[in-house]
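Written out below as structure tokens is the structure these notes cover.
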Amino acid sequence: MNDFQPFLLERMMSAFEQDVEINLSESGVHPMTLGELTGGDATSLLATELNYPHVNGDPELRENIAAMYEGARPENVLVTVGAIEANYLSINTVLSGSDRIATMMPNYLQIWGIAKNFGRDIREFRLDPERGWALDVPGLREAAEGAKLIAVCHPNNPTGHALSEDEIAALVGVAEENGSWLISDEVYSGAERVGEKSTPSLYGRYDKMIAVGSMSKAYGLPGLRVGWVVAQEDLIDEIWARHEYVAISATMLSNKLAALALSPDVRPRIIERTRGLIRRGFPVLEKWAKDNSDIVSITPPDAGAIGFVKYAANIGSEAFVEKLRSEQSVLIAPGAHFGAEGFVRISFGLPEDYLSEGLRRIGDTFREIG
Ligand SMILES: Cc1ncc(COP(=O)(O)O)c(C=O)c1O
């Protein structure tokens, strides 16, 4: 076995998420059923031939995805097996050998872990918890010097921070100065906590831009396992060539269902459902944090169904999560799995009773520790 950095967050979730009474470790909203997605009538799907679909993605699906990105055409889109494949292939298309990558922290540590496993030169820059998770621009400038690729998560997992216009301008400026590629994992765009507008993609802001999206979070359809990359056409062709080695394609059914979900008639209904769950769930988390303000605090996220909660109890985040799971059958995610100790990530886009009971058990466990 070679020296391998496991993806600690996903390892923990795959080991325990199916067995706990209350799972608050997911980052998406409560998933949709097939019935909800199809409006209760799935008969047209019965005639679907379960062949390989278009390897780069169903044409209607690529058209619907392209329509969400200003200036993009279907040729700029590759459909993948989740954002997870999109990220994996994109960064390994751009990087080779010990190329330098500058990556945002805290973060969903997929890109960081892949870079580590391939022996890339990893530099980190941070979102600052003392300034509402604002981007540390001097830190970015330093980390990005000589970087072949800069990686951001926008809106960010786990903090929910969406980059401001000033931060985007600074980021693009730094990428331009270094001639770096820029990858933006945007799977939480559409899942905004306030307002009617989706978080704007960085696609179109810079030519060496790779935007990644997914059905899993803003659409509540993680079981489709559909994601995508949007980038300039020649890079898409390069990533497509690698996609054939890894997955060939997503499935025929998931291509069809994703095309339906992103169609102009259906997409607004799904986004409304997602935002409804987020907007009903966050006040529950916020009230719990206020009631327990001697132990926990939270910066409200711009987007996403997750709260990155700072705590004052004298215990490491992984030990706390393990204690909570083994004693209370509640699963949440430790800050250590995102590169930020002293925090836990709690999912809130869920039915209220389920969420409230989970929060009660988390509060009790913190109090027991003191
Ligand atoms: C930032 C981020 N990117 C990618 C993924 C993986 O998404 P998918 O289900 O589309 O593979 C996740 C899942 O939690 C995520 O949080």
Side-chain angles (χ1 to χ4, degrees), residues 7-14 17 23-32 57 61 65 68 77-92 103-115 127 133 151-163 182-191 199 201-202 210-230 239 243 246-247 249-251 254-255 257-258 261-262 270 274 278 301-308 331-335 337-340 345-350:
F7 192 170
L8 295 177
L9 173 69
E10 297 293 343
R11 291 262 79 200
M12 182 201 77
M13 286 171 55
S14 36
E17 68 187 345
N23 180 17
L24 305 183
S25 69
E26 257 306 333
S27 59
V29 295
H30 192 64
M32 291 184 91
L61 174 57
I65 293 169
M68 300 192 292
V77 178
L78 175 74
V79 173
T80 55
V81 179
I84 209 91
E85 191 203 356
N87 283 332
Y88 192 96
L89 296 182
S90 298
I91 73 164
N92 284 334
T103 183
M104 183 182 261
M105 286 285 172
N107 210 335
Y108 182 65
L109 294 185
Q110 186 205 359
I111 287 177
W112 177 87
I114 296 166
L127 300 174
W133 299 114
V152 300
C153 184
H154 162 68
N156 175 260
N157 175 5
T159 66
H161 177 73
L163 295 169
L182 182 51
I183 185 167
S184 180
D185 183 336
E186 300 175 346
V187 298
Y188 298 95
S189 174
T199 307
S201 174
L202 301 192
I210 306 164
V212 169
S214 166
M215 299 309 298
S216 296
K217 312 298 174 184
Y219 304 95
L221 295 165
L224 288 187
R225 307 305 307 127
V226 168
W228 56 84
V229 190
V230 188
I239 301 172
H243 170 65
V246 172
S249 66
T251 71
S254 61
N255 268 263
L257 289 167
L262 295 184
I270 301 182
T274 298
I278 288 172
D302 297 314
I306 40 184
F308 204 43
L331 192 64
I332 59 174
H337 289 183
F338 303 91
R345 192 190 74 176
I346 302 177
S347 179
F348 61 76
L350 298 160

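One-based numbering, in listed order, for ligands and for the atoms of each. What you see is a predicted model, and the numbers here were worked out from it, not measured in a lab.
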From Glu17 atom CD to Ser25 atom OG, the distance as rounded to the nearest 0.5 Å: 5.5 Å
Contact atoms of ligand 1, heavy-atom distance to Val187 under 4.0 Å: 1 (C), 2 (C), 3 (N), 15 (C)
Between CD1 on residue Ile306 and OG1 on residue Thr159, distance to nearest 0.5 Å: 8.0 Å
Glu26 versus Ser347, side-chain donor and acceptor atoms under 3.5 Å: no
Atom indices of ligand 1, in the order listed, that fall short of 4.0 Å to a heavy atom of Arg225: 8 (P), 9 (O), 11 (O)
Min side-chain heavy-atom separation Leu8-Leu109 under 4.5 Å: no
Test side-chain contact (heavy atoms from CB on, under 4.5 Å) applied to Ile91 and Ile111, Ile210, Val212, the passing residue: Ile111
For ligand 1, the portion of Asn157 having any non-hydrogen atom under 4.0 Å away: side chain
Numbered atoms and elements of ligand 1 in range of Ser27, under 4.0 angstrom, heavy atoms: 14 (O)
Test of proximity, Val226 against ligand 1: N or O pairs below 3.5 Å: no
Protein heavy atom at shortest distance from atom 10 (O) of ligand 1: Ser214 OG, 2.6 Å
Residue and atom name of the nearest protein heavy atom (relative to atom 7 (O) of ligand 1), distance in Å to one decimal: Ala83 CB, 3.8 Å
Residue-ligand contact Pro222/ligand 1, heavy atom below 4.0 Å: no
Sub-4.0 Å heavy-atom approach of Gly227 to ligand 1: no
Nearest-contact summary for atom 6 (C) of ligand 1 - protein heavy atom, Å: Tyr108 OH, 3.7 Å
Protein contact of atom 1 (C) of ligand 1 - nearest heavy atom, named by residue and atom, plus distance: Asp185 OD2, 3.3 Å
Side-chain heavy-atom pair Pro31, Pro222 within 4.5 angstrom cut-off: yes
Non-hydrogen side-chain atoms of Leu61 and Val226 separated by less than 4.5 Å: yes
Whether Met215 lies under 4.0 Å from ligand 1, heavy atom: no
Aromatic ring pairing Trp228/Tyr219, orientation class (parallel under 30°, perpendicular over 60°, tilted between): tilted
Which of the ligand 1 atoms, numbered from 1, are nearer than 4.0 Å to a heavy atom of Cys153: 1 (C)
Nitrogen or oxygen atoms of Ile84 and ligand 1 under 3.5 Å apart: yes
Side chains of Ser27 and Tyr188, donor plus acceptor under 3.5 Å: yes
Whether Lys217 lies under 4.0 Å from ligand 1, heavy atom: yes
Atom indices of ligand 1, in the order listed, that fall short of 4.0 Å to a heavy atom of Tyr188: 1 (C), 14 (O), 15 (C), 16 (O)
Side-chain touch Met215/Ser254, heavy atoms, less than 4.5 angstrom: no
Gap separating the SG atom of Cys153 from the CD atom of Gln110, nearest 0.5 angstrom: 10.5 Å
Contact (N/O only, under 3.5 Å) between Ser216 and ligand 1: yes
